[in-house]
Structure formats: C-alpha cells, structure tokens
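Here the structure comes first, spelled out in structure tokens, and everything after it is commentary.
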Amino acid sequence: LICIALVVTVMSTSCLAGVDFILDLRPASMLFSPDVDGFKVSRTSGFITESDTIRGSGSWIPNLKAGLRISTSPLNIDLTGGLGFLYNDAFHATMYLADLALRFKISRHATIGPHVSVIRLNPTWDGSLSDSSDVKLSDETAVMPGLCFTVGGKVASFSASIDYIDTSFDVTTQNGWVANDTSLDMT
C-alpha cells in the first residue's frame, strides 16, 4: 500500500514553550493496492452465475488527526491520533490512527523525516450483487511507516508523504458466495 497525501496543519499558540496543538487534515489521500484488482466473489445457482469483482487498485483514505508538536532546534516531533475512512467501489472501512513523526528541519520553512502510524481498520463489503452479510472482511491492525515532507510556516503548512503498509483482510463468505482468495491483500 502506498499512500500519497496532501496535508494542511494548523497550530494554536503555544501553551508551553516549544509545544503546539496541531490539527492535521488529509482530504486528498490515495491508497494504491495493486493486489486488490481482480479479487472476486461469485455464486452459481443453476445456469446463472453472479459475481462481484474489484476493478482497479485505488482507494480514497481521507483522515483527520489532532495532537501535539514538540519543537526542538533540529526537529519537530509530532504525536497525533485520529480517524479516517477508506473507500473504494467494493468495500469501505473506518480507520483509527495513531502517528509519530520526526520531522528534521532542513530550512526555516521545510522539514523532512520518517513517521510511523498504527492503523485499526474495520472493513465492510459493499459489492453490487452480494450483500455485506454474505461477504465478511476481518478487522485488522496495521503498521504504516513512511517518509513525510512539509513546507510552510507556524500557522499553516502543507505536507506530502509516501507510506507503505503490509496488511490484508481475511475473507469469509456465506449463502453460496465463494471468494477467489481467502484474503484481500491491501499491500
């Protein structure tokens, strides 16, 4: 899973020296998961076969996080938590996130550095023919490391990140539906 995000961060005035409250809004996040393309559930009844197939490999994952930024002379340390939503044509998932970012200052208005998120995903199947009770996807917790870059000032900044996640949802079916794989790989 590769995630590319556009981020707006807004900070309040410091409550303690070097510590700010931050609000991190990521409305344009995209998840690229090449292994989901072609995942299919199908059911045969007599001469009729019905199937739901995932076409494409992209998902939208907008999210919102809030937390603290601790500023030191060489870097900013961001500790945030929040929630989001993963959506594509076949399924959706609520997401709960916790993130730690170490953003090294490369100029007065730019930072770059690693971050790691822990994400809890609770997916629901939305196929066009099968109903969500016919196809169940397991809840999963994933770790997502990545590299982020920010540019901006004290009041607002914009960020981009590229991340990697290795997770999959276990698939169980009922009412005659059969999946072409036992898991839906989001890597």
Side-chain angles (χ1 to χ4, degrees), residues 1-37 54 56-88 91-123 139-169 183-187:
L1 149 65
I2 297 172
C3 172
I4 300 172
L6 174 63
V7 183
V8 178
T9 304
V10 180
M11 289 177 261
S12 70
T13 57
S14 295
C15 56
L16 299 170
V19 178
D20 291 300
F21 172 79
I22 57 174
L23 183 63
D24 189 343
L25 173 63
R26 297 174 181 246
S29 297
M30 179 71 183
L31 171 67
F32 176 67
S33 307
D35 291 335
V36 301
D37 188 33
I54 296 177
S57 55
S59 301
W60 289 106
I61 56 168
N63 59 81
L64 174 67
K65 298 182 290 188
L68 296 176
R69 170 168 292 155
I70 302 165
S71 293
T72 67
S73 57
L75 71 127
N76 293 330
I77 302 166
D78 293 352
L79 300 164
T80 57
L83 53 102
F85 193 75
L86 182 148
Y87 173 78
N88 63 39
F91 65 95
H92 71 273
T94 54
M95 302 183 334
Y96 303 95
L97 308 103
D99 188 79
L100 169 64
L102 304 174
R103 301 174 193 268
F104 293 91
K105 297 175 182 175
I106 57 175
S107 76
R108 182 175 174 172
H109 297 290
T111 65
I112 191 168
H115 82 98
V116 64
S117 295
V118 176
I119 304 172
R120 180 69 179 167
L121 296 151
N122 305 95
D139 295 349
E140 295 296 329
T141 300
V143 176
M144 183 175 70
L147 181 67
C148 51
F149 174 79
T150 63
V151 64
K154 183 94 171 142
V155 176
S157 63
F158 297 90
S159 296
S161 69
I162 188 161
D163 307 302
Y164 178 80
I165 189 169
D166 183 9
T167 193
S168 62
F169 304 122
S183 67
L184 181 54
D185 188 0
M186 296 301 296
T187 304

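All values below were derived from every heavy atom in this structure, side-chain atoms included, with hydrogens, water molecules and symmetry-related copies excluded.
Residues forming a side chain to side chain donor-acceptor pair (under 3.5 Å) with Asp139 (at least two apart in sequence, or on another chain): Asn122.
Here OG of Ser157 is found 8.0 Å from CG of Asp24. Values are rounded to the nearest 0.5 Å. Expressed to the nearest 0.5 Å, how far OG1 of Thr72 lies from CD1 of Ile70 amounts to 9.0 Å. Rounding to the nearest 0.5 angstrom, the gap separating the CE atom in Met30 from the CH2 atom in Trp60 is 6.0 Å. How far CG of Leu25 is from OG of Ser159: 11.5 Å, rounded to the nearest 0.5 Å. Phe149 contributes atom CZ, which lies 12.5 Å from atom OG of Ser161 (distance to the nearest 0.5 angstrom). Note that CE of Met144 and CG of Asp166 are 13.0 Å apart. Values are rounded to the nearest 0.5 Å.
In this structure, Asn88 and Gly58 approach most closely via the heavy-atom pair CB-O, 3.5 Å. The shortest non-hydrogen separation linking His92 to Tyr87 is CB-CD1, 4.2 Å. Minimum heavy-atom separation, Thr167 to Ala142: CB-CB, 3.8 Å. In this structure, Leu147 and Pro114 approach most closely via the heavy-atom pair CD1-N, 4.2 Å. Considering every non-hydrogen atom in both Lys105 and Ser71, the closest pair reads NZ-CB, 4.4 Å.
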### Query
Is there a side chain to side chain donor-acceptor pair (under 3.5 Å) between Asp78 and Thr80 once you walk through the steps?
CA-CA 6 Å; Asp78 293 352; Thr80 57; over 6 Å; no
### Message
I'd like to know whether Tyr96 forms a side-chain contact (heavy atoms from CB on, under 4.5 Å) with Val118, so could you lay out the CA-CA distance, the side-chain angles of the two residues, the decisive distance to 0.1 Å, and finally the verdict.
### Response
CA-CA 8 Å; Tyr96 303 95; Val118 176; over 6 Å; no
### Candidate pair Asn76 and Thr111, rule side-chain contact (heavy atoms from CB on, under 4.5 Å), full reasoning
CA-CA 8 Å; Asn76 293 330; Thr111 65; 4.0 Å; yes
### Task
Show your working on side-chain contact (heavy atoms from CB on, under 4.5 Å) between Leu184 and Asp35 and close with a plain yes or no.
CA-CA 8 Å; Leu184 181 54; Asp35 291 335; over 6 Å; no
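Residues Thr94 and Leu83 are not in side-chain contact: their nearest non-hydrogen atoms beyond the backbone lie 4.5 Å or more apart. Residues Asn63 and Ser29 have side chains in contact (heavy-atom distance under 4.5 Å, counting atoms from C-beta outward). Counting heavy atoms from C-beta outward, Leu100 and Ile77 have side chains that approach closer than 4.5 Å.
Checking side-chain atoms of Ser33 against main-chain N and O of Met186 turns up a donor-acceptor pair under 3.5 Å. No donor-acceptor distance shorter than 3.5 angstrom exists from the side chain of Lys65 to the backbone of Gly84, with no hydrogens or angles considered. Checked by atom type and distance alone, the side chain of His109 pairs as donor or acceptor with a backbone atom of Gly152 at under 3.5 Å.
Side chains of His115 and Asp163: a donor on one and an acceptor on the other come within 3.5 Å. Counting only N and O atoms by type, the side chains of Ser117 and Asp99 include a donor and acceptor under 3.5 Å apart.
Under the side chain to side chain contact (heavy atoms under 4.5 Å, CB included) test applied with Arg103, the options Leu75, Ile112, Thr150 reduce to a single match, Thr150.
Ring orientation note: the planes of Phe91 and Phe169 are nearly perpendicular, at an angle over 60° on the 30°/60° scale.
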